[in-house]
Amino acid sequence: MIQAQKGTKDILPEDSSTWQMMEKNALTIFNNANFKEIRTPIFEATELFARGVGDSTDIVNKEMYTFEKSERSITLRPENTAGVVRAYIENGLHRQTPPVKLWYKGPMFRYERPQAGRQRQFHQIGVEMFGSTEAISDAECIYTAIKYLNSLGLNDLDVEINSLGCPKCRETFRNKLKALIKPDLDKYCEDCKVRYEKNPLRILDCKNPQCNELLNTPDIQNLINTDFICDECAEHFSELRRYLDELQVKYSVNKQLVRGLDYYNRTVFEIKSNNLGSQNAVCGGGRYDGLVEMLGGPPTPAIGWAMGMERLYSLIEKQNPPKLDVFVVSDNPLKALKLCEELRNKNISCDFDYGARKFKKQFEKAAKLANFAFVLGEEEIENNTITVKNLTSSHQETMPKAEAIAKFC
RNA sequence: GCGGGUAUCGUCAAGCGGUCAAGACCUCGGAUUGUGGUUCCGAUAUGCGUGGGUUCGAAUCCCACUACCCGCCCCA
């Protein structure tokens with residue numbers, strides 16, 4: 001027996017109403033806020049992710065599904081920001097009046113050990129906004145995420161924000177941090193030694209107790225807690241905070257929030273739930289003002305976020321699959337099919353029994369699947385009538401066919 | 001890459017070395033021929049993840065393998 005691959009899952013019919021609800025809410029909320037949907041390919045040139053996501057990230061170093069085809073190196077997208085940026089540049093979307101607001105949803109692929117809230121193929125839904133540095137766009141971006149989550153019935157969530165500063169102030173901070181870490185570098189974990197060279201900020205994110213201990217010196221804590229970012233970035237951040245306050249968004253500032261992707265600068269944020277187990281982030285995002293230019297486009301500020309749909313799914317209340325409007329009960333399958341088609345053309349959902357089984361069996365099935373039964377037996381066929389039975393109240397009535405159909409239009 | 005756990009019908013699940021591998025749900029059929037959601041009856045694993053071994057005898061004990069799940073790391 002061939003099984004689904006490790007870390008992949010079938011989304012079964014019983015789950016589909018819930019998934020459709022997630023998608024429907026996204027469509028209305030994002031459309032209303034002038035986000036346009038974009039769909040990019042599921043595979044891209046490996047180099048796009050190596051450069052776009054960053055070669056110091058775990059995603060690029062050990063989690064990509066990469067293969068060679070016709071001497072090209074191809075990778076299944078591990079996230080969608082790099083792909084959207086590529087499409088933005090390639091299709092000249094930067095010629096449109098800014099800001100350009102996009103949203104997407106679709107499967108992503110990361111080769112990791114699966115566990116609760118983590119699969120190898122999973123789905124993300126996200127937004128990207130290009131062309132504005134204004135803090136108000138950061139605020140709208142975060143607000144849109146919260147609004148979407150609320151629409152799914154998720155209100156008990158923790159929003160954390162931080163500012164990483166711009167490349168300039170980050171450089172200063174980075175050097176100061178490296179200087180403070182250097183004397184004890186050999187005591188840090190292997191990962192952190194690599195991070196020290198490639199992306200020292202990520203050391204702040206390390207979960208290793210030993211490293212945490214080492215970071216817990218007055219000098220380092222002082223550096224983290226003193227605003228290391230430049231005046232301009234600080235102003236941007238406080239502006240954002242003011243906007244969020246005005247929008248009555250509850251958040252906390254987490255100075256150690258760094259995010260694992262290299263492209264972020266200034267604003268970063270995460271939205272977490274306590275009901276998820278250890279993979280507790282439902283949403284992560286931030287500003288990436290340098291990425292468009294780095295991938296060959298004109299200098300363009302941008303900000304975005306992504307949510308893990310499977311994580312959302314496990315948090316939201318499951319939707320019951322909707323019942324059919326009508327189930328046709330008949331001992332003449334062909335006539336039943338024809339009646340069904342007539343109903344379907346009028347946008348009435350319906351089905352019938354292929355086996356011309358006993359009416360008892362057909363009613364059993366009707367009650368399970370539909371709100372109404374249309375009985376089309378010999379008598380009804382002869383008189384061109386239908387017996388309409390309300391399966392909730394058990395009330396039934398025979399009437400001309402046209403009248404029965406009209407009742408549902 | 002490193003820890004821990006579990007594998008019995010489509011699903012949940014009992015079984016702890018000895019007649020035919022409980023039970024429940026689902027599905028299908030029946031309870032005098034066209035009316036359901038209640039009730040009653042019946043059907044449905046020569047099979048207990050795979051391969052070895054121990055034993056007169058194994059789903060039950062031992063070994064190996066495989067798969068999946070959970071945690072670390074990281075991320076959504």
Side-chain angles (χ1 to χ4, degrees), chain A residues 1-9 12 14 53 56-64 78-81 105-126 145 149 189-192 194-195 202 205-209 211 257-261 269-273 276-286 304-315 323 327 329-332 353 355-381 387-396 398:
Chain A
M1 184 52 201
I2 299 173
Q3 296 174 291
Q5 290 300 288
K6 182 190 281 205
T8 69
K9 275 195 176 137
L12 297 168
E14 65 204 62
V53 179
S56 79
T57 62
D58 281 359
I59 291 179
V60 168
N61 285 316
K62 49 186 197 195
E63 297 174 4
M64 296 209 297
E79 56 93 62
N80 209 13
T81 298
K105 68 169 168 18
M108 309 295 158
F109 306 85
R110 293 183 198 172
Y111 188 80
E112 300 178 86
R113 290 292 290 272
Q115 67 187 66
R118 181 199 293 154
Q119 295 170 205
R120 290 181 174 179
Q121 178 178 169
F122 62 103
H123 296 77
Q124 284 189 333
I125 194 160
L149 292 165
C189 71
E190 290 310 307
D191 286 341
C192 281
V194 176
R195 290 179 183 131
R202 304 238 47 220
D205 232 9
C206 186
K207 301 293 189 299
N208 187 315
C211 300
L257 178 62
V258 172
R259 312 261 334 129
L261 284 70
F269 57 95
E270 252 176 39
I271 303 177
K272 294 177 181 172
S273 163
L276 266 179
S278 70
Q279 309 304 322
N280 64 352
V282 284
C283 176
W305 52 255
M307 296 188 191
M309 295 182 77
E310 281 79 2
R311 291 182 190 177
L312 294 178
Y313 176 87
S314 69
L315 288 175
K323 282 197 165 185
F327 192 88
V329 172
S330 176
D331 43 20
N332 185 328
D353 191 273
R357 295 186 300 165
K358 291 184 176 179
F359 274 30
K360 180 180 165 67
K361 295 295 174 191
Q362 295 200 35
F363 269 98
E364 244 173 59
K365 198 166 168 183
K368 200 171 297 171
L369 298 180
N371 292 317
F372 287 83
F374 272 25
V375 185
L376 185 64
E378 280 174 34
E379 233 174 82
E380 286 88 353
I381 291 172
T387 300
V388 177
K389 177 165 185 176
N390 182 326
L391 292 165
T392 312
S393 67
S394 292
H395 175 262
Q396 77 175 43
T398 303

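We name chains A, B, ... by the order of the sequence lines, and we start the count at 1 in each one.
Remark: the separation of the P atoms in B:rU60 and B:rG49 is 8 Å, to the nearest Å. Rounded to whole Å, the P atom of B:rA14 lies 28 Å from the corresponding atom of B:rU66. Nucleotides B:rC65 and B:rC26 place their P atoms 42 Å apart, quoted to the nearest Å. Spacing between B:rA59 and B:rC9 at atom P, rounded to whole Å, works out to 15 Å. Between B:rA13 and B:rG71, the distance separating the two C1' atoms is 26 Å to the nearest Å. The gap from the C1' atom of B:rC74 to that of B:rC16 amounts to 41 Å, rounded to the nearest Å. Nucleotides B:rU38 and B:rG51 place their P atoms 42 Å apart, quoted to the nearest Å. If you take atom C1' in B:rA64 and the same atom in B:rC70, they sit 24 Å apart, rounded to whole Å.
Note on A:Gly126: nothing from the nucleic acid sits closer than 4.0 angstrom, heavy atoms only. Counting non-hydrogen atoms under 4.0 angstrom, A:Glu14 reaches nothing in the nucleic acid. Within 4.0 Å of A:Glu112, counting heavy atoms only, lies at least one base atom of the nucleic acid. Within 4.0 Å of A:Ala366, counting heavy atoms only, lies no atom of the nucleic acid at all. At the heavy-atom level, A:Gly377 lies under 4.0 Å from base atoms of the strands shown. As judged by a 4.0 angstrom heavy-atom cut-off over every strand, A:Val329 is placed among residues making no nucleic acid contact. Among the atoms of the strands shown, none is found under 4.0 Å from any heavy atom of A:Glu270. Among the heavy atoms of the strands lying under 4.0 Å from A:Glu379 is at least one base atom, whether or not backbone atoms are also near. Within the 4.0 angstrom heavy-atom criterion, base atoms lie near A:Glu378.
If you check distances only, the side chain of A:Gln396 does reach the base of B:rU35 with a donor-acceptor pair under 3.5 Å. The base of B:rU35 sits within donor-acceptor range of the side chain of A:Lys389, with an N or O pair under 3.5 Å. Side-chain N/O atoms of A:Gln3 and base N/O atoms of B:rC68 include no donor-acceptor pair closer than 3.5 Å. Side-chain atoms of A:Ser394 and base atoms of B:rG37 include a donor and an acceptor less than 3.5 Å apart. Side-chain N/O atoms of A:Arg113 and base N/O atoms of B:rC72 include no donor-acceptor pair closer than 3.5 Å. Between the side chain of A:Lys368 and the base of B:rG36, no donor-acceptor pair under 3.5 Å is found.
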Original post:
What do the steps show when you test A:Val375 against A:Phe359 for side-chain contact (heavy atoms from CB on, under 4.5 Å), and what is the final call?
Top reply: CA-CA 9 Å; A:Val375 185; A:Phe359 274 30; 3.8 Å; yes
**OP:** Tell me, with the steps shown, if A:Val53 and A:Glu79 meet side-chain contact (heavy atoms from CB on, under 4.5 Å).
**Re:** CA-CA 9 Å; A:Val53 179; A:Glu79 56 93 62; 3.6 Å; yes
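Taking 4.0 angstrom as the limit, A:Gln115 places a side-chain polar atom (N or O) nearer than this to OP1 or OP2 of B:rC72.
The distance from atom CZ of A:Arg118 to atom P of B:rC68 is 15 Å, rounded to the nearest whole Å. The separation between A:Lys62 atom NZ and B:rC73 atom P is 11 Å, rounded to whole Å. Between A:Arg120 atom CZ and B:rC69 atom P the separation is 9 Å, expressed in whole Å. When the P atom of B:rG29 is taken as reference, atom NZ of A:Lys358 falls 9 Å away, rounded to whole Å. To the nearest angstrom, P of B:rU35 lies 9 Å from NZ of A:Lys360. Going from atom CG of A:Asn280 over to atom P of B:rG71 covers 11 Å, rounded to whole Å. If you measure from atom CD of A:Glu364 to atom P of B:rC26, you get 11 Å, rounded to the nearest angstrom.
At least one cation-pi condition fails for A:Arg120 and A:Phe109: the charged atom is not both under 6.0 angstrom from the six-membered ring centre and inside a 45 degree cone around its axis. Taking the ring centre of A:Phe363 as origin, the terminal cationic atom of A:Lys389 falls inside the region bounded by 6.0 Å and 45° from the ring axis.
If you check B:rA67 for Watson-Crick or wobble pairing at under 3.5 angstrom, you find it paired to B:rU6. With a 3.5 Å ceiling on both atom-pair distances, the Watson-Crick or G-U wobble partner of B:rU39 is B:rA31. Pair assignment for B:rG17: none, as no Watson-Crick or G-U wobble contacts are both less than 3.5 Å. In this structure, B:rU46 forms no base pair with any nucleotide, since neither Watson-Crick nor G-U wobble geometry is met with both distances under 3.5 Å. Using the Watson-Crick or G-U wobble rule with both distances under 3.5 Å, B:rG1 pairs with B:rC72.
A salt bridge is defined here as a Lys NZ or Arg NE, NH1 or NH2 lying under 4.0 Å from an Asp or Glu carboxylate O, and A:Lys365 with A:Asp353 meets this definition.
Within 6.0 Å of CD in A:Glu378 there are 12 or fewer heavy atoms belonging to other residues, nucleotides or ligands.
Centre separation under 5.5 Å together with a plane angle under 30° does not hold for the ring of A:Phe359 and the six-membered base ring of B:rU35, so they are not marked as stacked.
A side-chain donor from one of A:Thr387 and A:Glu380 sits under 3.5 Å from a side-chain acceptor of the other.
Picking from B:rC74, B:rC69, B:rG36 the nucleotide with the shortest atom distance to the side chain of A:Gln279 gives B:rC74.
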